[in-house]
Amino acid sequence: ELRLLNDTVAAYQRALQIAQNRYNVGMAAKTDVLQAQTQLANARAEASQVALTRAEAEHAVAALVGVPAGSFGLDAQSDWHLYVPNVPPGIPSTLLERRPDVASSERQVVAANANIGVAEAAYFPSLTLTGSYSFLSSSVGALFDSANAAHTIGASVAQTIFDAGRTPARVAGARAAYDQSVANYRQTVLSAFQDVEDQLAASRQLTQQYELSRQASEAADETERLTLNQYRAGTVSYTNVVVAQTSALSARIALARVQVQRQTTAIALIRALGGEWE
């Protein structure tokens, strides 16, 4: 935008010179010169504002790369090469598994499923099979005290199974947590699909919008050129030139912004997929 405005300022300066020359020889009114001066001043003011915006963006980049803003710079005169990667048809949905939110939600489902097994394991007493006579014992020393061992083990089993419903409640809670994690995973996947579809739709629409904006900008540029030639010939007033210049500048800036949107949408699509589609 800054380059467009700088080029526009140069063009408006030439238009002002034309108006001034026509006024000097008595072929144009003073209002033509004043209109040209106003148009030029407005373009310079807009260029100054865009230059400030660009400087702030440049400083933000400097902070991101970890260098002082005063010692960092990006070439403002380098050519801007519009590159938008072509999105191939039939992108596999398995690419979404690379997304951090999908992968994290999937792991939560696995962990919640494991917690159900942990909760259900509390139904069974922790006993060990020891010795050659296959005694169930909670300790080696109890093997030779059958009565005490049976009483102790029986009490342990009863206490484990009949624990006032705490274990069933824990199991129910674990199952509920699992159901919730599955629901969250489903919603995360659906949101991921929505994100991808949004960016694909935006890419398609912006491609069409870019072509239409390009045609509009070229037509507006030609109108500006023809109107200025007509003013030189004295067949139209300078007001027509101002209108044509304003329309041409608006069309150029609109085209540049659509170009930016196409690039940022491509980046958003790559982010939505969790990486490039290759």
Side-chain angles (χ1 to χ4, degrees), residues 1-22 27-28 31-55 57-58 74-89 198-270:
E1 287 187 29
L2 182 59
R3 189 180 308 169
L4 287 174
L5 287 167
N6 288 336
D7 293 342
T8 299
V9 166
Y12 287 2
Q13 287 175 333
R14 292 191 295 270
L16 172 60
Q17 189 61 53
I18 293 172
Q20 185 69 54
N21 293 340
R22 287 176 54 82
M27 297 180 60
T31 54
D32 291 2
V33 177
L34 295 176
Q35 284 182 310
Q37 290 175 342
T38 301
Q39 190 82 333
L40 175 59
N42 288 336
R44 282 175 171 165
E46 191 172 355
S48 178
Q49 180 59 46
V50 172
L52 173 59
T53 302
R54 185 191 184 282
E58 192 174 64
L74 294 170
D75 186 9
Q77 301 303 321
S78 60
D79 292 333
W80 177 26
H81 298 288
L82 176 62
Y83 172 70
V84 178
N86 293 322
V87 182
D198 286 346
Q199 304 311 324
L200 287 174
S203 296
R204 289 191 296 267
Q205 294 301 321
L206 286 171
T207 299
Q208 299 176 8
Q209 185 178 346
Y210 171 76
E211 182 59 27
L212 294 173
S213 296
R214 185 188 62 79
Q215 296 175 9
S217 180
E218 290 178 354
D221 289 344
E222 183 65 11
T223 300
E224 179 187 18
R225 186 185 66 82
L226 293 175
T227 304
L228 190 56
N229 289 339
Q230 290 172 345
Y231 175 73
R232 286 195 184 100
T235 58
V236 298
S237 67
Y238 198 80
T239 301
N240 297 75
V241 177
V242 171
V243 171
Q245 288 176 335
T246 302
S247 298
L249 177 59
S250 298
R252 294 184 201 116
I253 293 178
L255 178 61
R257 290 176 179 174
V258 172
Q259 291 174 326
V260 172
Q261 285 181 305
R262 291 185 67 199
Q263 290 180 315
T264 55
T265 299
I267 295 171
L269 177 59
I270 292 173

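Because only heavy atoms are used, hydrogens play no part in the values below, and waters and symmetry mates are left out as well, while side chains stay in.
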(request) Supply the atom-to-atom distance R257 CZ to S213 OG, rounded to the nearest 0.5 angstrom. (result) 12.0 Å
(request) Would you check, one step at a time, whether the test side-chain contact (heavy atoms from CB on, under 4.5 Å) holds for L16 with Y12? (result) CA-CA 6 Å; L16 172 60; Y12 287 2; over 6 Å; no
(request) Would you check if there is a donor-acceptor pair between the side chains of Q35 and Q39 at a distance under 3.5 Å? (result) no
(request) Answer yes or no: is there a donor N or O on one side and an acceptor on the other, between the side chain of E58 and the main chain of L74, under 3.5 Å? (result) yes
(message) Please determine whether side-chain hydrogen bond (donor to acceptor under 3.5 Å, both in side chains) holds for the pair Q17 and Q13, giving the CA-CA distance in whole Å, both sets of side-chain angles, and the decisive distance to 0.1 Å.
(response) CA-CA 6 Å; Q17 189 61 53; Q13 287 175 333; over 6 Å; no
(message) If I compare all heavy atoms of Q199 with all of T265, which pair ends up nearest, and what's the gap?
(response) O-CG2, 3.6 Å
(message) Would you say N42 and E46 are linked by a side-chain donor-acceptor pair, where the criterion is simply a distance under 3.5 Å?
(response) no
(request) Could you grab the distance from atom CD of Q215 to atom CD of E211, nearest 0.5 Å is fine? (result) 5.0 Å
(request) For T246 and V242, indicate whether the former's side chain and the latter's backbone hold a donor-acceptor pair under 3.5 Å. (result) yes
(request) Run the numbers on L40 and R44 for side-chain contact (heavy atoms from CB on, under 4.5 Å), then give the verdict. (result) CA-CA 6 Å; L40 175 59; R44 282 175 171 165; 3.8 Å; yes
(request) Working to the nearest 0.5 Å, report the span between CD of E224 and OG1 of T227. (result) 8.0 Å
(message) So T8 and R252, do their side chains get closer than 4.5 Å, heavy atoms only?
(response) yes
(request) Give a yes or no answer on whether the side chain of T38 reaches the backbone of L34 with a donor-acceptor pair at less than 3.5 Å. (result) yes
(request) Find out whether R225 and D221 are in side-chain contact, i.e. whether some heavy atom of one side chain is under 4.5 Å from a heavy atom of the other. (result) no
(message) How close do A19 and V33 get, counting heavy atoms only, and between which atoms?
(response) O-CG2, 3.7 Å
(message) Do L249 and Q245 have side chains that approach each other closer than 4.5 Å (heavy atoms only, starting at C-beta)?
(response) no
(request) Please round to the nearest 0.5 Å and tell me the distance separating atom CG of L5 and atom CD1 of I253. (result) 4.5 Å
(request) Locate the shortest heavy-atom distance separating L206 from V258; write the atom from each residue and the value. (result) O-CG1, 4.0 Å
(message) Nearest 0.5 angstrom please: Q209 CD to L255 CG, how far?
(response) 10.0 Å
(message) Could you tell me if N229 and R232 have a donor-acceptor pair between their side chains, going purely by distance under 3.5 Å?
(response) yes
(request) Please determine if R22 forms a cation-pi arrangement with Y238, meaning its NZ or CZ atom is less than 6.0 Å from the six-membered ring centre and no more than 45° off the ring axis. (result) no
(request) Ignoring hydrogens and angles, tell me if any N or O in the side chain of T235 forms a donor-acceptor pair with the backbone of Q230 under 3.5 Å. (result) yes
(message) If I compare all heavy atoms of A28 with all of Y231, which pair ends up nearest, and what's the gap?
(response) CB-OH, 3.5 Å
(request) To the nearest 0.5 Å, tell me how far E1 CD sits from N6 CG. (result) 12.0 Å
